[in-house]
Amino acid sequence: MTWLISYVVVLLFPVCLSGLVYMLSSRMLERETHQANEALMNQFREAMDNQFETMKRLNFELTWNVKVRQLLYSNKYLYYPNDFYYDLHQITQDLNLYKTSFSQIDLFYIHLAGDRLVMLPNVYRSDAFGYELLHRSEALSFERWQSLVDGRRSPGYIPAIRVTEEGTMKPTVAYISAYSSDSGEPVGANVVMIDQSRILGAVQQLELYSKGHVAILNERNEVLVSSSDEALPAGLVDRLNGQEGPFLWSDGERGYEISYVTSGSSKLKYVSIVPSRIFWEKVRLVRRVTDLSIAISVLGGLALTAFFLRKNYNPVRRLVQSLGAKSSSRRQGTYNEFHVIQEAIVGAYEEMDRLRSGMKQQRDIVRSHFIARLLKGRLDGRTPVDESLAAFGMRFDSDEFGVMALYIEDVESLAEWIPGDDRNEKLKLIHFIVTNVTEEVAGRLHRAYVTEIDETLVCLICLHPEGGDRRNEELYAIANDIRQFLSSQYRIRLSVSIGGVHRTVAGIPQAYAEALDAMEYKLVMGRDEILSYGDLRARMTEGRESGYDYPLEVERQLINYVRTGDFPKARRTLDDIIERNFASPVMPLPLARCLLFDLVGTLVKAAGEAGALPEEEAPHDAKRIERLASCETIPEMRRQMTELLRAFCEAAGAKRKRNIEESRQRAIRELAEQVSVFIDERFADPDLNVSTIGAHFGLKPAYVSKLYKDQTGEGLLERINRARLTEAKRLIREGRNSVSDVARRVGFHDVNAFIRVFKRYEGVTPGLYKESSTN
């Protein structure tokens, strides 16, 4: 009974709903049809506006052409009448350029009203000949054409006739723009034309063209372009002066759906005229389909209800009888067959979900543990490998295996752009991305399984049996694809090392050990390329003798560069040592570590021989040495060595400069003292001067004078005069010598010069000084 009532309700519901949907869809279809038609009209308007705007742009270029305006408005030809035809020819050449630039314009020319000329590209003609050549037809008489182009007014867009080069007449749309004149006399006009066939070619691309009649009218409601030879319905033109948009129009016999829009850049009107019978064809189709579907639904639904009700209930009844004993709804006093089936199915699925969830959680962990033990060669011999593979959904298609170790570089900076605060979750996400990308890229042709061992992701690859002999190249290509994809898509940089290709499952641990050896070499040497163990072994054994190239004389040379503070040479020496030892062939890792620590010892010895550095720099340099000793890669150690080398050289250079400056200052002080002693001993010599002192000490007079003044603050001449006046004052105080004798004894040839110098330094003459000293 429940099913029977449900079927009847279900049958009646779509019938009622169909009627409602019909009402709504009719209204919606009407609205959508108007909107679609309006959108098509707007599309049509934009396409046509571009065509007519091109005519305006060409008219603008012609109007403001410098040569044209000079021809029309300049008084030049009153004085130089012979230049008129030359300039006329130049303008026609310019018009030819416009013809190339505006290829969508079919014809254009400039009419000169005063001279009765028509200027075309490359040629000019009289207006009568121009009319015969371009427009002669019954639809456009010569007088009518002259009234349009006489230059007194600008008709704008008008319908016209153009005669082609073949002599055929083509309906066209002409844009006529007159040149302005202050006197009111006609000057001239530009005429730009586009054939109606070109415009109709754009109209044919629209759905409007196939539905009805499309027309373009100018501001005087003259039909410029029409897609039909029929005239517009009577009275429609007057209605087009009203509000834009779709509306219904009838001429008494037939009804039309009219869409009317105005140009956005001009006063042109775009009209679509579609017969109502075509316009509402979809609505009538929807009505017929709806009526038919309702009838079929009612008749078919009644027959099918009776048939399927009896057919479907019998198996349900049998199923309920088998499950009814376990149904809780029977114990609650209700009997609904679906309740019994639902409870049984839900209970079974819940139990399956619990089992599946528990198995999945344990399976991933156990599977990863199994792959790790397989790589390390620690499988349980009691369980065959094939059974373990089947249990974890794994499969080996061949007996050739390769192992890749993937080390994620710069994890800390990589985790900064991942949202969240939990670092462990970020690392899990990064490992998840790398694992999935690796298995997907390597799994295109081979079987690939990734696990994490000691913070390093390891990928076990079972190579496809149909592969070629170049297995190492295949592994290298896979590693390169993985690195490029992760770098470009997730900014994850990987260090990848590849072990050799080994046969049988027993060779997997060897391949894993080789991948780890290659990874250790990569991390220590800091190489960017993908390294395979086979290539590494070949490069380590070819052409490399035991030991490394670092002779004692090079070490002493490096120490001497540091002691003298010559950083460029010291850096070149350090770079040369590293390049010489770490270029191909590859140096074994133990020797590489020994060389690096030997270089660290050299830098420490060089710093010690350079002398004691300032105490405030000693802790800083100690920390640098500690960082240098803790570097994990050769490029990192090279950078740290270069920084430490720069610090030591700068400190040694600064100390050397200080020592040189101190020695120079000491030498200058000694020289000043010697000059003072020399002056005190020779001041009585009348020939004592700056030149004499310079010659005595083997220096230029100006240089020795500058050094002495910089050191003592007193010039040499002042020092000589001061020594002479000191002795002169002593002799004057004795009272036994005249001024002339005193001047002669202290080194003055001229007594007047002595008096002037004495008065300048003492403020009194020698005579007054003698009187004051005797009193």
Side-chain angles (χ1 to χ4, degrees), residues 37-38 40-56 105-107 134-135 137-141 144-145 147-149 153-163 168-177 191-275:
N37 203 42
E38 185 178 357
L40 286 173
M41 285 302 298
N42 290 331
Q43 182 182 355
F44 174 56
R45 176 177 61 184
E46 291 178 4
M48 293 303 99
D49 280 352
N50 289 334
Q51 295 274 5
F52 294 122
E53 190 63 27
T54 301
M55 301 173 72
K56 283 188 174 182
I105 302 299
D106 293 297
L107 178 64
L134 303 175
H135 298 291
S137 65
E138 295 180 359
L140 182 62
S141 65
R144 169 63 176 163
W145 176 76
S147 66
L148 292 174
V149 298
R153 59 190 180 88
S154 297
Y157 295 100
I158 63 170
I161 296 296
R162 180 177 75 89
V163 179
T168 60
M169 290 184 292
K170 281 193 173 183
T172 184
V173 176
Y175 179 76
I176 302 177
S177 174
V191 180
V192 182
M193 288 180 284
I194 294 181
D195 291 344
Q196 290 188 18
S197 59
R198 184 185 295 273
I199 298 176
L200 291 176
V203 177
Q204 290 175 0
Q205 304 300 321
L206 302 176
E207 188 179 354
L208 294 172
Y209 186 82
S210 61
K211 284 185 176 181
H213 184 186
V214 178
I216 304 175
L217 285 69
N218 61 13
E219 58 183 322
R220 295 179 296 280
N221 290 332
E222 296 175 338
V223 178
L224 298 177
V225 180
S226 176
S227 63
S228 174
D229 296 334
E230 297 180 5
L232 298 181
L236 176 61
V237 173
D238 298 332
R239 173 64 176 81
L240 297 180
N241 294 324
Q243 184 179 2
E244 298 182 12
F247 61 89
L248 181 64
W249 179 264
S250 176
D251 60 359
E253 297 179 358
R254 293 178 295 181
Y256 300 94
E257 289 290 333
I258 309 298
S259 294
Y260 156 53
V261 294
T262 304
S263 172
S265 58
S266 62
K267 297 181 179 180
L268 299 179
K269 300 169 185 174
Y270 303 102
V271 184
S272 169
I273 307 169
V274 182

Only counting residues at least two apart or in another chain, list the ones meeting ring pair (Phe, Tyr, Trp, His ring centres under 6.0 Å) with Tyr157.
-> Phe52, Tyr175
Heavy-atom donor-acceptor pair, Thr262 side chain to Lys269 backbone, under 3.5 Å | no
Would you say the side-chain atoms of Arg220 pair up with the backbone N or O of Ile158, donor to acceptor, closer than 3.5 Å?
-> no
Between atom CG of Asp195 and atom OG1 of Thr172, what is the distance when rounded to the nearest 0.5 Å?
-> 4.5 Å
Rounded to the nearest 0.5 Å, how far apart are CG of Asp49 and NZ of Lys56?
-> 9.0 Å
Scanning both residues in full, the closest heavy-atom pair of Met48 with Ile199 reads SD-CG2, 3.1 Å
How long is the span from the CD atom in Glu53 to the OG atom in Ser263, to the nearest 0.5 Å?
-> 8.0 Å
Taking all heavy atoms of Val191 and all of Val149, pick out the closest pair and write down the distance.
-> CG2-CG1, 3.7 Å
Ser147: partners by side-chain contact (heavy atoms from CB on, under 4.5 Å), with sequence neighbours left out = Arg144
Gln196 side chain to Lys170 main-chain N or O, any donor-acceptor pair under 3.5 Å?
-> no
Distance (rounded to the nearest 0.5 Å) between Met169 CE and Ile161 CD1 = 7.0 Å
What distance separates His135 NE2 from Ser141 OG, expressed to the nearest 0.5 Å?
-> 12.0 Å
Val163 side chain near Leu134 side chain, heavy-atom distance below 4.5 Å | no
For residues Leu268 and Asn218, determine if any side-chain heavy atom of one lies less than 4.5 Å from a side-chain heavy atom of the other.
-> yes
Distance col, row Arg162:CZ vs Thr168:OG1, nearest 0.5 angstrom, shows 7.5 Å
Any chance you could lay out the side-chain contact (heavy atoms from CB on, under 4.5 Å) test for Ile194 and Ile105, step after step, and finish with the verdict?
-> CA-CA 5 Å; Ile194 294 181; Ile105 302 299; 3.8 Å; yes
Note, Leu148 side chain near Leu140 side chain (heavy atom, < 4.5 Å) = yes
